[in-house]
A.B. asks: 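The structure follows.
Because only heavy atoms are used, hydrogens play no part in the values below, and waters and symmetry mates are left out as well, while side chains stay in. None of these values were measured; they are calculated from a predicted model. Starting from 1, each residue takes its place in the sequence as its number.
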Amino acid sequence: MGLQQGFVTWFVGVLFLTTLLLSSADVHHYEFFVRESNFTKLCNTTTLLVVNDSYPGPEIRVHRGDTVFVNVHNQGNYGFTIHWHGVKQPRNPWSDGPEFVTQCPIQPGTNFTYEIVLSDEIGTLWWHAHSDWTRGSVHGAFIILPAKKETYPFPTPDADQTVILESWYDGDYKQIIDDALAAGVSPRQPNAYAINGHVGDTYGCPNDTIFRMQVDSEKIYLLRIINAAMNEHFFFTIANHTLTVVAQDASYVRRFTRDYILISPGQTMDVLVSANRNVGQYYMAIRPFSDSSAAPIDNITTGIFQYTNSEGGLNASLITLPVMNDTDAMINFLNQIRNTKVSQNPRINVPADKDIKRRVFIAIAVNNLPCSTCVVGSRLVASLNNVSYVSPSIDILQAYYNRNMSGVYTEDFPLNPPVIYDFTGNLTNLNTPVEEGTRVIVVNYGEGVEMVLQATQMGAGGSHPIHLHGFSFYWVGTGFGNFNNKTDPSTYNLVDPPLINTVHVPGRRWVAIRFFATNPGVWFMHCHLERHSSWGMDTVLIVRNGKTKKTSIRPPPATMPRCPGT
């Protein structure tokens, strides 16, 4: 299939959905007031920047194909932006949100209205701040219900429940990362993990609250699970109940059943659970997963799955979660995820080998650079292909669109690692040279793109959740060890690969993704472990305009926040 044929196939695949959505789309308006509020957990009161005085923030709930306007009022003490995670924003990068990539911060005392344009997304997404570590307290769910004439491709649940998994810090999230960057060290660990803002009953403070989900016997519930944690992958379970995964990252998957799920930072999963056990109270629980030598704190945080009219105590011995470093449990879960050919999904349109016009092989690493003012004479940085991303002072989208600004970025991101080594071997004495810069990848509209993401043992090693803005992509391959471009492509799944926006790259392994570059704009790509992104494990994908107005970036709104000094 050639490039033109690939685009035609993609167009036909979404034609039915587009017709359905345009015939029933609505417009919604939300007001976000972002300011500091006090919260007491772990017997300690902390001041956090939050939206509408709530942690987590307010839920957006709309239908597939709708348009949402969110007026964000900054009543806090520093600038920030908000990102609508997983929303592709066709032709509209102006409202995507990452700071100094598609916009400059919303300054204190000002406001900015985002226009969120939904297309074929369905199920659960989320929104969060995209400045420094502010997303730790500024986040919430973005629920996309089926269009008004659309059904679920599984038994209609009796109710649904959003479940947001979080990292709780006693302290200001921005100050935590600012202090760590100044010292050149890793930021401190969270004080607890939370479920929907509740830290549960395992941390020893008698005043702490626990999240309770009340259910009726024999009813079916759709859990909308969001990993909003800063740096932690999580195992999740409900004691003595089975979980049926039906969607990931706002796209339906082939149903499969487990007694736990694994969800990485940035990812969302829709899970069916039947309240079909003896009436009672059952723990839901989360525990971090790590395959890194820089492991998180191995705490279990609890909630309660509570049947109506149930009595009696809880039995903690019924919690059966994998141990924190159980890589077999991680791989076994990931291997279950497949696309599903249902009418509610976009037609599967994976770029074939002959469609691929741009191949990028990226080595993911954590490195050190000299620092005379830091604690140990060096500072931690992170890199993609030995480039540690530096955030500019003027957003890249503005510089690209206006073509009248130089020195903001360069179009020379290396498409292959500049140094080839045994990426997954013993790298104790190896420290490859790292350059800092704002170097981007540029592709033409409509091109088929393949990216191979290679985890390395540089630094502490381990897994990386890599998120690409502006797209859902097909996760077509994975394997242990170093990627072999001669033999490994023969193992790709080009039949039913998951369509996702955040891919888990396991430690000592590689993953391959493919997509057609049919969304013109400037799109951030980064690790969703927040400390890695802060250290520079980021880059930017620029998709050039096509030949028509409908394949080109929309003009910017007149109200874009001004950049500092302009």
Side-chain angles (χ1 to χ4, degrees), residues 31-60 72-78 80 82 108 126-129 131-141 161-180 187-214 224-232 234 236 265 281-288 296-306 313-314 316 319 530-531:
E31 298 287 332
F32 280 12
F33 296 92
V34 186
R35 54 192 170 227
E36 293 187 339
S37 295
N38 291 332
F39 296 85
T40 300
K41 302 183 191 301
L42 308 177
C43 295
N44 183 63
T45 298
T46 301
T47 300
L48 298 179
L49 189 72
V50 295
V51 176
N52 295 358
D53 301 312
S54 64
Y55 171 83
E59 181 173 286
I60 293 174
V72 178
H73 305 261
N74 186 353
Q75 299 177 346
N77 298 320
Y78 50 82
F80 62 86
I82 292 185
W126 63 304
W127 57 265
H128 59 81
S131 306
D132 304 300
W133 272 31
T134 308
R135 79 165 177 86
S137 56
V138 177
H139 60 251
Q161 173 66 56
T162 300
V163 179
I164 303 180
L165 314 180
E166 300 155 305
S167 309
W168 173 262
Y169 286 81
D170 284 337
D172 180 81
Y173 288 78
K174 182 179 184 302
Q175 192 63 50
I176 289 167
I177 188 58
D178 285 350
D179 291 346
R188 67 179 177 88
Q189 299 270 19
N191 298 89
Y193 309 126
I195 300 175
N196 285 349
H198 302 268
V199 298
D201 61 3
T202 62
Y203 293 96
C205 175
N207 299 326
D208 283 337
T209 57
I210 190 167
F211 169 68
R212 293 177 181 269
M213 177 180 172
Q214 184 165 315
R224 303 180 178 277
I225 304 173
I226 300 165
N227 188 343
M230 300 300 286
N231 297 292
E232 295 82 26
F234 283 123
F236 171 92
Q281 299 181 77
Y282 298 84
Y283 272 121
M284 63 173 61
I286 60 173
R287 170 186 234 162
I297 297 174
D298 189 12
N299 287 333
I300 291 178
T301 292
T302 53
I304 297 176
F305 192 73
Q306 180 170 331
L314 292 155
I319 298 176
E530 209 64 23
R531 68 179 186 274

A.B. asks: Report yes or no: does Thr202 contribute a side-chain atom to a donor-acceptor pair with the main-chain N or O of Ile300 at less than 3.5 Å?
C.D. replies: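 Such a contact is found between Thr202 side chain and Ile300 backbone.
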A.B. asks: Would you give the length of the straight line joining atom OG1 of Thr302 to atom CG of Leu314, rounded to the nearest 0.5 angstrom?
C.D. replies: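 Interatomic distance, Thr302 OG1 to Leu314 CG, rounded to 0.5 Å: 8.5 Å.
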A.B. asks: Could you tell me whether the side chain of Thr47 reaches within less than 4.5 Å of the side chain of Ser37, counting heavy atoms only?
C.D. replies: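 The answer is no, as the side chains (C-beta and beyond) never meet within the 4.5 Å cut-off.
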A.B. asks: Between Glu530 (side chain only) and Trp133 (backbone N and O only), is there a donor and an acceptor less than 3.5 Å apart?
C.D. replies: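 No; zero donor-acceptor contacts below 3.5 Å.
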A.B. asks: Report yes if some heavy atom in the side chain of Val34 is under 4.5 Å from a heavy atom in the side chain of Val72; otherwise report no.
C.D. replies: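 The answer is yes, as the side chains (C-beta and beyond) meet within the 4.5 Å cut-off.
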A.B. asks: Taking the side chain as every heavy atom from C-beta outward, state whether Glu166 and Pro56 have any atom pair closer than 4.5 Å.
C.D. replies: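 When only atoms from C-beta onward are counted, Pro56 and Glu166 do touch, with a gap below 4.5 Å.
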A.B. asks: Check whether Asn74 reaches the backbone of Gly76 with its side chain - one donor and one acceptor, N or O, closer than 3.5 Å.
C.D. replies: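 Yes.
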A.B. asks: Flag the pair Tyr78 / Lys174 as yes when at least one side-chain heavy-atom distance between them is below 4.5 Å, and no otherwise.
C.D. replies: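 Answer yes - side chains close enough.
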A.B. asks: Mind listing the closest non-hydrogen atom pair of Ile297 and Pro288 along with its distance?
C.D. replies: O-CG, 3.3 Å
A.B. asks: Backbone N or O of Asp170 within a donor-acceptor pair of the Asn191 side chain at under 3.5 Å?
C.D. replies: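 Such a contact is found between Asn191 side chain and Asp170 backbone.
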A.B. asks: If we count only N and O atoms by modelled type, under 3.5 Å, do the side chains of Thr46 and Tyr169 hold a donor and an acceptor together?
C.D. replies: no
A.B. asks: Nearest 0.5 Å please: distance from the CD1 atom of Ile177 over to the CZ atom of Arg531.
C.D. replies: 10.0 Å
A.B. asks: What are the two closest heavy atoms between Leu42 and Ala192, and how far apart are they?
C.D. replies: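 Of all heavy-atom pairs spanning Leu42 and Ala192, the closest is CD1-CB, 4.0 Å.
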A.B. asks: For the pair Tyr193 (side chain) and Ala229 (backbone), establish whether a donor and an acceptor sit closer than 3.5 Å, ignoring hydrogens and angles.
C.D. replies: no
A.B. asks: When rounded to the nearest 0.5 angstrom, what is the spacing between CG in Asn299 and CD in Glu232?
C.D. replies: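 The CD atom of Glu232 is 10.0 Å from CG of Asn299, to the nearest 0.5 Å.
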A.B. asks: Is the shortest side-chain heavy-atom distance between Tyr203 and Trp168 below 4.5 Å?
C.D. replies: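 Result no, sub-4.5 Å side-chain heavy-atom pair not found.
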A.B. asks: Please report the shortest heavy-atom distance between Ala141 and Thr162, naming the atom on each side.
C.D. replies: CB-CG2, 3.7 Å
A.B. asks: Testing the 3.5 Å rule here: is there a donor-acceptor pair between the side chains of Asp178 and Tyr173?
C.D. replies: no
A.B. asks: What orientation do Trp127 and Phe32 show, parallel under 30°, tilted 30 to 60°, or perpendicular over 60°?
C.D. replies: tilted
A.B. asks: Nearest 0.5 Å, what's the OG-CG distance between Ser54 and Leu48?
C.D. replies: 11.5 Å
A.B. asks: Using a 3.5 Å distance criterion without hydrogens, assess whether the side chain of Thr134 forms a donor-acceptor pair with backbone atoms of Ala129.
C.D. replies: no
A.B. asks: Is there a side-chain contact between Met213 and Gln306, using heavy atoms and a 4.5 Å cut-off?
C.D. replies: no
A.B. asks: Could you tell me which non-hydrogen atom of His198 sits nearest to which non-hydrogen atom of Phe211, and how far apart they are?
C.D. replies: CB-N, 3.5 Å
A.B. asks: So, using salt bridge (charged side-chain N to carboxylate O under 4.0 Å, His left out) as the criterion, who are the partners of Glu59 when residues are at least two apart?
C.D. replies: Arg61
A.B. asks: Without swapping roles, check the side chain of Arg135 against the backbone of Ala228 for a donor-acceptor pair under 3.5 Å.
C.D. replies: yes
A.B. asks: So, Asp208 and Lys41, do they make that salt bridge, N to O below 4.0 Å?
C.D. replies: no
A.B. asks: Minimum heavy-atom separation for Asp179 and Gln175, please, with both atom names.
C.D. replies: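 Residues Asp179 and Gln175, closest heavy atoms: OD1-NE2, 2.7 Å.
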A.B. asks: Decide side-chain hydrogen bond (donor to acceptor under 3.5 Å, both in side chains) for Tyr55 and Asn196; before the verdict, give the C-alpha distance in whole Å, the side-chain angles of both, and the deciding distance to 0.1 Å.
C.D. replies: CA-CA 8 Å; Tyr55 171 83; Asn196 285 349; over 6 Å; no
A.B. asks: Taking atom types as modelled, is there a side-chain donor on Thr45 or Thr40 under 3.5 Å from an acceptor on the other?
C.D. replies: yes
A.B. asks: So Val163 and Ile195, do their side chains get closer than 4.5 Å, heavy atoms only?
C.D. replies: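 Of all side-chain heavy-atom pairs linking Val163 with Ile195, at least one is under 4.5 Å.
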A.B. asks: In Å, rounded to the nearest 0.5 Å, how long is the span from CD1 of Ile304 to CZ of Arg212?
C.D. replies: 3.5 Å
A.B. asks: Test Trp126 against His139 for side-chain contact (heavy atoms from CB on, under 4.5 Å), laying out the working first.
C.D. replies: CA-CA 7 Å; Trp126 63 304; His139 60 251; 4.0 Å; yes
A.B. asks: Tell me, please, which residues at least two apart from Arg35 pass salt bridge (charged side-chain N to carboxylate O under 4.0 Å, His left out).
C.D. replies: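 Checked Arg35 against salt bridge (charged side-chain N to carboxylate O under 4.0 Å, His left out); matches are Asp53.
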A.B. asks: Closest approach of Val199 and Thr301, non-hydrogen atoms and distance?
C.D. replies: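 Here Val199 and Thr301 meet closest at O-CG2, 3.5 Å.
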A.B. asks: Within the 4.5 Å heavy-atom criterion, are Arg188 and Ile176 side-chain neighbours or not?
C.D. replies: yes
A.B. asks: Only one of Ile226, Asn227, Leu165 forms a side-chain contact (heavy atoms from CB on, under 4.5 Å) with Pro265, so which one is it?
C.D. replies: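 Among Ile226, Asn227, Leu165, the one that satisfies the side-chain contact (heavy atoms from CB on, under 4.5 Å) with Pro265 is Asn227.
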